[in-house]
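Starting from 1, each residue takes its place in the sequence as its number.
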Amino acid sequence: MAESPAFESPVVRSYESSSGGPLMLTDASATTKWLVRAETGGAAADRMDAPFGSSRTAGGGAFVMGSRPGEWIVTGPADAVAEVVAGLDGVDSSEFVTALDWTHGRALFLVTGTDAPRMLEKVCSLDWSDAMTPNGAVASASVAKVTCDIARYDGDSAPTYMIFCDRSFGQYLFDALIDAGDEFGLAVGLPNG
């Protein structure tokens with residue numbers, strides 16, 4: 001098996017970075033990301049245990065998102081993601097399941113802070129209120145005219161939104177998010193990974 005090339009972020013410009021602030025944008029593109037597709041209602045869907053529009057935390061810190069019917073994004077520490085994907089090995093061979101490593105093909109940005117919903121309202125037409133997009137919600141939408149998957153994962157902190165897009169749009173989207181957050185005192189966080 002060939003060794004994966006070293007990860008290179010889709011964000012190639014340099015920014016003054018901060019270790020904290022009321023509203024943060026962080027490039028987390030180096031985080032392991034897998035796409036899993038399987039038929040809905042099958043054994044694989046049961047094992048993923050995150051219906052369309054919802055998410056869950058799996059063992060070891062992996063995060064499983066039901067991004068579309070029969071489609072999940074799994075992200076987090078490499079070993080934990082590998083464990084979730086390996087759990088699909090025992091699925092009946094008559095059920096078609098695919099799992100693709102998206103780490104190098106998708107950008108991932110984190111927007112964290114109490115003003116994150118207001119910032120996202122400037123570049124996306126979804127309702128970011130707690131009632132419509134509570135912690136654990138997953139959606140697909142245009143963000144600054146880029147097709148994205150978005151998951152809310154607050155953990156123990158302020159509202160945090162994970163924004164996934166195709167790698168080729170990464171630099172543009174990162175800059176658009178900086179522009180949208182400028183009026184809220186957005187700081188750029190140190191890259192994850």
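Annotation: side chain of V74 is not in contact with side chain of K33 (no heavy-atom distance under 4.5 Å). Looking only at side-chain heavy atoms (C-beta outward), Y153 and L110 stay at 4.5 Å or farther from each other. Side chains of L108 and T75 form a contact here, defined as non-hydrogen atoms less than 4.5 Å apart. Using a 4.5 Å heavy-atom threshold, the side chains of N135 and P159 count as separate. For the pair F109/T26, no side-chain contact is recorded, criterion being any heavy-atom separation below 4.5 Å from C-beta on. Between F174 and Y15 the shortest side-chain heavy-atom distance falls below 4.5 Å. Residues V12 and Q171 are in side-chain contact: their nearest non-hydrogen atoms beyond the backbone lie under 4.5 Å apart. Side-chain contact check for L177 versus V123: some heavy-atom pair is nearer than 4.5 Å.
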- Message: For D127 and T133: C-alpha separation, side-chain torsions, deciding distance, then whether side chain to side chain contact (heavy atoms under 4.5 Å, CB included) applies.
- Response: CA-CA 7 Å; D127 182 345; T133 51; 5.9 Å; no
- So C148 and F164, side chain to side chain contact (heavy atoms under 4.5 Å, CB included) or not? Walk me through it. CA-CA 5 Å; C148 296; F164 300 83; 5.9 Å; no
- Message: Before you tell me yes or no, could you show the steps for E71 and M48 under side chain to side chain contact (heavy atoms under 4.5 Å, CB included), namely the whole-Å CA-CA distance, both residues' side-chain angles and the distance that decides it to 0.1 Å?
- Response: CA-CA 9 Å; E71 188 171 295; M48 296 309 290; over 6 Å; no
- Task: Check the pair R152, D130 against salt bridge (charged side-chain N to carboxylate O under 4.0 Å, His left out), reporting the backbone distance first and the verdict last.
- Result: CA-CA 10 Å; R152 181 170 171 187; D130 285 341; 2.7 Å; yes
- Task: Apply side chain to side chain contact (heavy atoms under 4.5 Å, CB included) to L23 and M119, showing your working.
- Result: CA-CA 9 Å; L23 182 62; M119 175 193 139; 3.8 Å; yes
- Would D149 and S67 satisfy side-chain hydrogen bond (donor to acceptor under 3.5 Å, both in side chains), going step by step from the backbone distance to the final call? CA-CA 7 Å; D149 294 304; S67 58; 4.9 Å; no
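Heavy-atom minimum distance, F63 versus A151: CE2-CB, 4.0 Å. Counting all heavy atoms, side chain and backbone alike, Y172 lies closest to A144 at OH-O, 2.8 Å. Annotation for L126 and A141: closest pair CD1-CB, 3.7 Å, computed over non-hydrogen atoms. Heavy-atom minimum distance, L173 versus C165: CD2-SG, 3.7 Å. The two atoms that bring D166 and R106 nearest to each other are OD1-NH1, 2.9 Å, heavy atoms only. The two atoms that bring P77 and A62 nearest to each other are CD-N, 4.3 Å, heavy atoms only.
If you chain together hydrophobic residues whose side chains sit under 4.5 Å apart, L35 and M65 fall into the same group. A continuous path of Ile, Leu, Val, Met, Phe, Trp and Tyr side chains, each step under 4.5 Å between heavy atoms, connects V85 with V97, placing both in one hydrophobic cluster. Cluster membership check: I178 shares its hydrophobic cluster with L120, using side-chain heavy-atom separations under 4.5 Å among Ile, Leu, Val, Met, Phe, Trp and Tyr. Put simply, I150 and F52 are part of two different groups of oily side chains (I, L, V, M, F, W, Y) that touch within less than 4.5 Å, one to the next. Residues V188 and M162 are members of separate hydrophobic clusters, defined by side-chain heavy-atom contacts under 4.5 angstrom among Ile, Leu, Val, Met, Phe, Trp and Tyr.
The distance from the OG atom of S55 to the CD1 atom of I73 is 11.0 Å, given to the nearest 0.5 Å.
Residue E83 qualifies as open at atom CD: its count of foreign heavy atoms under 6.0 Å is 12 or below.
Exactly one of V64, T103, T32 qualifies for a side-chain contact (heavy atoms from CB on, under 4.5 Å) with V81. That residue is T32.
Looking only at distances, no side-chain donor or acceptor of W72 sits under 3.5 Å from a matching main-chain atom of G70. Between the side chain of S18 and the backbone N or O of A187, no donor-acceptor pair lies under 3.5 Å. Checking side-chain atoms of R68 against main-chain N and O of R37 turns up no donor-acceptor pair under 3.5 Å.
Side-chain atoms of D154 and Y161 form no donor-acceptor pair, as typed in the model, at a separation below 3.5 Å. With 3.5 Å as the limit, one finds a donor-acceptor pair spanning the side chains of S29 and D27.
Listed by first and then second residue, the side chain to side chain donor-acceptor pair (under 3.5 Å) pairs that reach into residues 109-122 are T112-T160, D115-R118, K122-E183, sequence neighbours excluded.
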